[in-house]
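First up is the structure itself, then whatever we jot down about it.
Sequence lines set the chain letters: A, B, ... in the order given, protein chains first and strands last, and positions in each chain run from 1. This one's a predicted model, so the numbers in the text were calculated from it and none came from an experiment.
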Protein chains: 2
Amino acid sequence: MASSETGSRRVTIDDVARSAGVSRQTVSRALNDKGEIGVSTKQRVLDAALELGYRPSRFARGLVRQDAISVGLVIPDLLNPFFTEVAAAALDAARARGWHVVVYDTGDRVEEERGTLEVIASQVDAVVGYLRQPEDEVDKLMRGLPVVLIDRERRTERFSSIRIDGEGGVHAAIRHLVDSGHRRIGMLDHAGRSEPSIRHDWFVSAMSACGLDAGSVSRADQSVEGGERALKALLTDHPATTAVFTFNDIIAIGALRAARRLGRRVPRDLAVIGFDGLRLGSLVEPPLSTVALDTRGLGALAVEQTARLLATSSPLSGDELVVRAELRLRESA
Amino acid sequence: MASSETGSRRVTIDDVARSAGVSRQTVSRALNDKGEIGVSTKQRVLDAALELGYRPSRFARGLVRQDAISVGLVIPDLLNPFFTEVAAAALDAARARGWHVVVYDTGDRVEEERGTLEVIASQVDAVVGYLRQPEDEVDKLMRGLPVVLIDRERRTERFSSIRIDGEGGVHAAIRHLVDSGHRRIGMLDHAGRSEPSIRHDWFVSAMSACGLDAGSVSRADQSVEGGERALKALLTDHPATTAVFTFNDIIAIGALRAARRLGRRVPRDLAVIGFDGLRLGSLVEPPLSTVALDTRGLGALAVEQTARLLATSSPLSGDELVVRAELRLRESA
DNA sequence: TTGAAAGCGCTACCAC
DNA sequence: GTGGTAGCGCTTTCAA
């Protein structure tokens, strides 16, 4: 009961009540604009609150008013246009349900992601996003919170995960190139992991479906510069290449730029098809053809599954948690 | 005390305790990995929790463990690259302090913004962002929550607001154009409000500082297409124009595209300088010269001020809440 | 190792 | 119009 403590304790509603000489319910009424309160009393309370720098505890408030649900969205890098689009889509889908979304940008660092996960559990009701943490780790950290993963290369039994199915789209892309007369088609895969990506698998299978050998492949960092370097390397090793399919649009944009610098006209001398369907792709010159993912659908699906998990009601099965990508022709191919 | 209710009540720690035949403190210990608990007891509790689908209330938890602080970030449109950069910067600055950021994308709709504000107050400790709501409205809705506004055209006394000072940068830009021999310089202003923008004021003053009349102005929607249309209109009315300064980079990118379609080479036949300094600007062809804003600094400043407001300790004054924009020459001018 | 009791700060529901 | 009382669901002493 020591009322004269050093160090700043939190200012509570009782402090305001005491200072204004009223009870705390009166304070509550004043602050929440309920009626049933005298004008002068109200003003006195408001003044006292302001004076003391009082701010209600959202926890206490949330506790009594069974409040909105909020989900954590974990993203490797918001500045990467792809993740920007995914985030926007998820935000949109969540808003439609009146959910709050706490966004965590891990800056592509795994340790940062771990730290985020550690702290996230007490703040949100569910987690959605891109996680690179091993499953066991996630499981331990989340302690039962619903988790919806996006685009995990290896499927996981323990958590819901949304798969991206670009097989049809990539086949259509390669078919289009072949129909346009291309035979020497290369790929700019990502350089992230040691094994080739699944998109590379699709590429190979599409090539073989067209009766072509797996084309030449160059590895690219996931950046415009990475794309530039990779295309140059590819064309140095395989100068006869007349078309490339890339791991994603960012790399493709780098390829576009490299082609221009090398004096190769797109699509005349070199056709380029990316993957992702970024809006950004329509701004570059020439506008990028791409295997476009339905990001809005992705976000909606992730949120839908989260909702079901939250309600413990018939979650979607793995087969339903799929977003397709389709060929979207613009001008680069 | 009716234990057999219809409708799904929330599963509480007591339900788990009852089901596992222990007290709730024991449940708490099991769930939080505290020691001092028998292995078999712990397992039994965990099983019960899983079975019942129990998830702790973050409010109750936050109430007792004086938890992390979280701020609301209100953004008109996350897909607008400018806001993406601001959001990323704010997220980054917040993470450095261990804060949680709840992101709200209002989709550029004022009613949506109002709804957001209404619901936000009980979820966060402070609000940062772009608000179009009238001050009185914000004041009423926020009820004492710290608010930090970004780039409000009209300064406000009631809230902290971070101002963008592009005057020096715009002067440098116009000076650069004049030094390069340009005399007929136009501007593509935004079409949002009825009055010309502050950036237009800077343009006019920069022109006059160089001894030039206020150039011709065309209004553009804030989109690439808007920029295209506006440039075409401008060149139709004033074909002698050899350089344009634009309200922002998005519009400038549209201008670049329009110039290309009109057969005007950039920067040879037409010089273009944008405003904002988006990363995007370095991807287009030719890379865009621009009056670049320090978005990271913006985010950091907003968060810094929020922190001070939260601590009720010496908030920054209006003069300190300024972010400068400086000319960044790339190739379009 | 476990349990009982005491709050965290707030609002809802009833008296007055 | 105002105040008392009883919780919201959880963790943290302190006893057993």
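Taking the 5' to 3' direction, DNA chain C first and last meets chain B under 4.0 angstrom from a heavy atom at C:dT1 to C:dG9.
The list of salt bridge (Lys or Arg N to Asp or Glu O under 4.0 Å) pairs with a residue in residues 47-63 of chain B, not counting sequence neighbours, reads A:Asp125-B:Arg58. Every pair passing salt bridge (Lys or Arg N to Asp or Glu O under 4.0 Å) that includes a residue from residues 101-111 of chain A is listed here, sequence neighbours excluded: A:Asp108-A:Arg132, A:Arg109-A:Glu112.
Every residue two or more places apart in sequence or in another chain that forms a salt bridge (charged side-chain N to carboxylate O under 4.0 Å, His left out) with B:Asp14 is listed here: B:Arg24. Taking the salt bridge (charged side-chain N to carboxylate O under 4.0 Å, His left out) definition, one finds that A:Arg158 meets it with A:Glu135, A:Asp136, A:Asp139, sequence neighbours left out. When the salt bridge (charged side-chain N to carboxylate O under 4.0 Å, His left out) test is applied to A:Arg308, the partners found at least two apart in sequence or on another chain are A:Glu304. In this structure, the ring-ring contact (aromatic ring centres under 6.0 Å, His included) partners of B:Tyr104, at least two apart in sequence or on a different chain, are A:His100. For A:Ser160, the side-chain hydrogen bond (donor to acceptor under 3.5 Å, both in side chains) partners at least two apart in sequence or on another chain are A:Gln305.
Looking at residues 37-54 of chain B, you'll see B:Ile37, B:Gly38, B:Thr41 sit with a heavy atom under 4.0 Å from some atom of DNA chain C.
Residue A:Ser23 has no polar side-chain atom (N or O) positioned under 4.0 Å from OP1 or OP2 of D:dG4.
When the C1' atoms of four end pairs are superposed on the next four at each end of the helix from C:dT1-D:dA16 to C:dC16-D:dG1, using five pairs per end, the two resulting axes differ in direction by 30°, to 10°.
In this structure the side chain of A:Val138 never reaches within 4.5 angstrom of the side chain of A:Val127, judged on heavy atoms. With contacts defined as side-chain heavy-atom distances shorter than 4.5 Å, the pair A:Thr306/A:Leu310 qualifies. With contacts defined as side-chain heavy-atom distances shorter than 4.5 Å, the pair B:Val101/A:Val103 does not qualify.
The listed nucleotides are D:dG9, D:dC10, D:dG4; the one nearest the side chain of B:Arg24 is D:dC10.
Using a distance-only test at 3.5 Å, with no hydrogens or angles considered, a donor-acceptor pair links the side chain of B:Glu320 to the main chain of B:Ser317.
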Residues 74-83 of chain A, side-chain donor-acceptor partners within the protein, below 3.5 Å, at least two apart:
{"from": "A:Asp77", "atom 1": "OD1", "to": "A:Leu79", "atom 2": "N", "distance (Å)": "3.0"}
{"from": "A:Asn80", "atom 1": "OD1", "to": "A:Phe82", "atom 2": "N", "distance (Å)": "2.9"}

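Atom CZ of A:Phe59 and atom P of D:dT11 are 13 Å apart (whole Å).
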Between the protein and nucleotides 12-16 of chain D, which nitrogen or oxygen pairs come in under 3.5 angstrom?
{"from": "D:dT12", "atom 1": "OP2", "to": "B:Lys34", "atom 2": "NZ", "distance (Å)": "3.4"}

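Crowding of B:Arg44 atom CZ: a count of heavy atoms from other residues, nucleotides or ligands under 6.0 Å exceeding 12.
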